[in-house]
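Everything numeric here is computed off the predicted structure, so don't read it as measured data. Along the sequence shown, residues carry numbers from 1.
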Amino acid sequence: MEPPASSGGGPGCGCKGIRSCLLCEGPAQPAPPRQGEDNFTYCPSTGLAVGNEHSEFAGWAFPFPGVFLMEEFISEEEESEIVELMDRDEWKPSQSGRRKQDYGPKVNFKKQRLKAGSFSGLPSFSKKIVAQMEACSVLGGFSPVEQCNLDYRPERGSAIDPHFDDCWLWGERLVTLNLLSQTVLSMSCDSEGSIQLFPTSTKENGERSPQGPLPAGSKAGQEGSECLESARLVPCREVRVGIALARRSLLVLRGAARYGWKHSIHRRHIRRRRLGITFRELSAEFSPGGAQEELGRELLAIALSFQGRPV
């Protein structure tokens, strides 16, 4: 069921179409229906999506590849400095109760058209963040060409609907730095396939792990031809995985988590102001050897000058 249509007439509201926020819903319109609860939680130490205790999947798990999560990526002092610099620039109203700052080329995704426009590069404060990313094993060769800052606040009912990021322009790795408060990134899959679950046992430290080895090559979202006797198959559409994002943590989505699962943030998971800084790299088409390599090189040179203002 879709949320009600919004006129976007609320003060500071950027909602269009079916999207809405607390600013534009008003007392005359019912609040959007509550989105489904996450019934699995991602475990960074094992790489498993583990069934939540009070869900029907308690005691079950499955591999959830393509997620890299690093807590305390920056210090409290660095966070304070970054937020102060961000707030010096204008925040523009965005959909679903968010505000945004964009640093990137002018893009028409529907027509697949792209030009530099008024893009002047990523902001100066991001130069240090990008340099720190180089120490992450999964970010080798990562050169961000676009940065999007999003401001979520509970009083606006901020959220973002389940979606895939564009694949024509943006490459495999999506990188997000989570600031000011913790939240949950909810992953959902619309595939018609099944997911193979495996029973778990509890270790002494309370961590859940599979009972015995997983089948070789087992992947989330794929139905194995030969299931273990104790395994359980469930439709992909019934599974929702929550990835807990601590304050000042860095998240990378790639591979299956990037292309096979939609990501979203529910309104109920925004309890205090939360800032998300997302960096995106170029797709193969705009990278060396691609059809639009020259344009990609031009955009990267602008981006990595770190002289940008929001466009």
Review point. Taking atom types as modelled and ignoring hydrogens, do the side chains of Asn149 and Gln147 form a donor-acceptor contact shorter than 3.5 angstrom?
Key: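 Looking only at side-chain atoms, Gln147 and Asn149 do form a donor-acceptor pair, the distance falling under 3.5 Å.
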
Exercise for review: Say whether Leu253 and Val184 are linked into one hydrophobic cluster, either directly or through other cluster members, by side-chain heavy-atom distances under 4.5 angstrom.
Suggested key: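 The answer is no; the residues belong to distinct hydrophobic clusters.
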
Check your understanding: Is there a path of hydrophobic side-chain contacts, each under 4.5 Å between heavy atoms of I, L, V, M, F, W or Y residues, that connects Val138 with Phe279?
Key ->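 Yes, it is one cluster - the side chains of Val138 and Phe279 are joined through contacts under 4.5 Å.
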
Practice item. Answer yes or no: is there an ion pair linking Arg232 with Glu238, defined by an N-O contact shorter than 4.0 Å? Key: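 Salt bridge absent between Arg232 and Glu238.
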
Exercise for review: Please determine if Glu37 and Arg268 form a salt bridge, counting it only when a charged side-chain N lies under 4.0 Å from a carboxylate O.
Suggested key: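 Yes.
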
Review point. For Asp165, which of Lys262, Arg258, Arg280 qualifies under side-chain hydrogen bond (donor to acceptor under 3.5 Å, both in side chains)?
Key: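 It is Arg280, the one option of Lys262, Arg258, Arg280 that forms the side-chain hydrogen bond (donor to acceptor under 3.5 Å, both in side chains) with Asp165.
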
Exercise for review: Using a 4.5 Å cut-off on heavy atoms from C-beta on, say whether the side chain of Leu295 contacts that of Glu298.
Suggested key: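 Answer yes - side chains close enough.
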
Point to revise | Side-chain touch Phe57/Leu197, heavy atoms, less than 4.5 angstrom | key: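 Touching, per the 4.5 Å side-chain cut-off.
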
**Study point:** Centroid-centroid distance, Phe62 to Phe40, less than 6.0 Å
**Key:**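 Centroid distance Phe62-Phe40: below 6.0 Å, so yes.
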
Exercise for review: Examine Phe286 together with Trp168 and report whether their ring centres are nearer than 6.0 Å.
Suggested key: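 Between Trp168 and Phe286, which both carry aromatic rings, the centre distance is below 6.0 Å.
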
Point to revise | Residues Asn52, Thr41; criterion side-chain hydrogen bond (donor to acceptor under 3.5 Å, both in side chains); working and verdict | key: CA-CA 6 Å; Asn52 291 340; Thr41 296; 2.6 Å; yes

Check your understanding: Can you tell me if Asn39 uses its side chain to pair, donor with acceptor, with the backbone of Val239 under 3.5 Å?
Key ->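 Checking the backbone N and O of Val239 against the side chain of Asn39, no donor-acceptor pair under 3.5 Å is found.
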
Check your understanding: Would a distance-only check, ignoring hydrogens and angles, find a side-chain to backbone donor-acceptor pair under 3.5 Å from Arg98 to Gln95?
Key ->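 Confirmed, Arg98 side chain pairs with Gln95 backbone.
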
